[in-house]
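Following: one structure in structure tokens, then a few remarks.
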Amino acid sequence: AQKITQTQPGMFVQEKEAVTLDCTYDTSDPSYGLFWYKQPSSGEMIFLIYQGSYDQQNATEGRYSLNFQKARKSANLVISASQLGDSAMYFCAMREPLGGTGGGNKLTFGTGTQLKVEL
Amino acid sequence: NAGVMQNPRHLVRRRGQEARLRCSPMKGHSHVYWYRQLPEEGLKFMVYLQKENIIDESGMPKERFSAEFPKEGPSILRIQQVVRGDSAAYFCASSPLGRLNTEAFFGQGTRLTVV
């Protein structure tokens, strides 16, 4: 079963408009973390925002905010006032235990959403 | 995040050669994670290491792939006898503890091309 689902392979948004990128997740662990990353065409993974499962408030970082709906298991990324430089691939990821005897965690990634910002 | 350093950025190998990818964690971090990104896909976990120990390698292919994190020096991901299917971007992340914290940073990745 998919742990992280991003249902939008591609999205278009006009410059200066807001856009929401969808992410749903599946876990039975009460303690988890949700991350969003931006991957521009140059290829690096840029950390954007983090939401912990016990956080009461939705996370915000500048123009990025995370619409966290725990009961629905969704963690959508909202980008306000889109800029041309926001055009990139966006990945949602969930931190979950590795489950082995050594402990530790890993990030499980969705398949990504390609965002294109237009004039 | 520039704090996690990977080199080389790009690596071209012929089929059958060995590829060695290096990752220097952020200062003070003793835990390293390697991920692989195949074309058009998200990152997939490969291995988790602490200094001198492999903690979890559940995501590593069973053959030809190995990883180490020596007491001194960077973590190394080694791929022996590379094949075309190994062409991918390889990323590492580091943390001070075994828990990826609220800001999990990756290096800039190594793009391996097998010709």
Side-chain angles (χ1 to χ4, degrees), chain A residues 2-6 8-10 21 23 25 29 31-55 57 59-61 64 66 88-114, chain B residues 1-6 8-11 23 26 29-50 52-60 69 88-113:
Chain A
Q2 289 274 20
K3 293 289 188 76
I4 293 282
T5 303
Q6 294 181 255
Q8 306 152 314
L21 306 184
C23 174
Y25 59 92
D29 193 330
S31 176
Y32 52 90
L34 296 156
F35 299 75
W36 275 92
Y37 288 87
K38 172 184 178 182
Q39 188 175 43
S41 56
S42 52
E44 68 267 34
M45 293 291 286
I46 301 169
F47 166 78
L48 295 178
I49 197 166
Y50 167 83
Q51 180 85 43
S53 58
Y54 294 121
D55 293 344
Q57 306 274 3
T60 60
E61 287 286 348
Y64 304 109
L66 203 152
M89 183 71 93
Y90 289 81
F91 290 99
C92 178
M94 178 173 65
R95 182 185 61 223
E96 55 179 344
L98 278 164
T101 56
N105 297 266
K106 66 175 180 180
L107 294 182
T108 297
F109 285 80
T111 51
T113 295
Q114 182 73 49
Chain B
N1 180 285
V4 179
M5 303 301 293
Q6 289 187 250
R9 291 289 308 279
H10 300 275
L11 182 61
C23 170
M26 289 178 73
H29 289 191
S30 57
H31 300 248
V32 165
Y33 310 77
W34 285 94
Y35 289 77
R36 178 166 67 173
Q37 184 180 29
L38 294 170
E40 311 298 325
E41 294 187 11
L43 277 66
K44 297 261 182 8
F45 168 78
M46 298 181 75
V47 62
Y48 162 44
L49 309 102
Q50 295 176 22
E52 300 185 276
N53 283 304
I54 297 173
I55 305 302
D56 191 300
E57 54 183 348
S58 57
M60 287 275 269
F69 190 13
Y90 293 83
F91 290 90
C92 79
S94 70
S95 71
L97 303 169
R99 177 181 175 85
L100 288 166
N101 57 19
T102 57
E103 295 176 318
F105 295 112
F106 287 84
Q108 292 190 296
T110 293
R111 272 135 199 95
L112 173 66
T113 302

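Throughout, a chain's letter reflects where its sequence line sits, starting with A, and its residues are numbered from 1.
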To the nearest 0.5 Å, what is the distance between [atom1] ([X]) and [atom2] ([Y])?
| X | Y | atom1 | atom2 | answer |
| --- | --- | --- | --- | --- |
| B:Glu40 | A:Gln114 | CD | CD | 8.5 Å |
| B:Met46 | A:Lys106 | CE | NZ | 13.0 Å |
| B:Phe106 | A:Tyr37 | CZ | OH | 4.5 Å |
| B:Phe91 | A:Glu44 | CZ | CD | 8.0 Å |

Q: Using non-hydrogen atoms and a 4.5 Å limit, figure out which bit of A:Ser42 sits close to chain B: side chain, backbone, both or neither.
A: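 The backbone, not the side chain.
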**Q.** Residue part contacting chain B, namely of A:Gln39, when any heavy atom lies under 4.5 Å
**A.**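 For A:Gln39, the side chain is the part near chain B, not the backbone.
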Q) Just wondering, do B:Tyr33 and A:Leu107 contact through their side chains at under 4.5 Å, heavy atoms? A)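 No; the side chains remain at least 4.5 Å from each other.
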Q) Can you say whether B:Gln37 sits under 4.5 Å from chain A via the side chain, the backbone, both, or neither, judging by heavy atoms? A)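 Contact with chain A is through the side chain of B:Gln37 alone.
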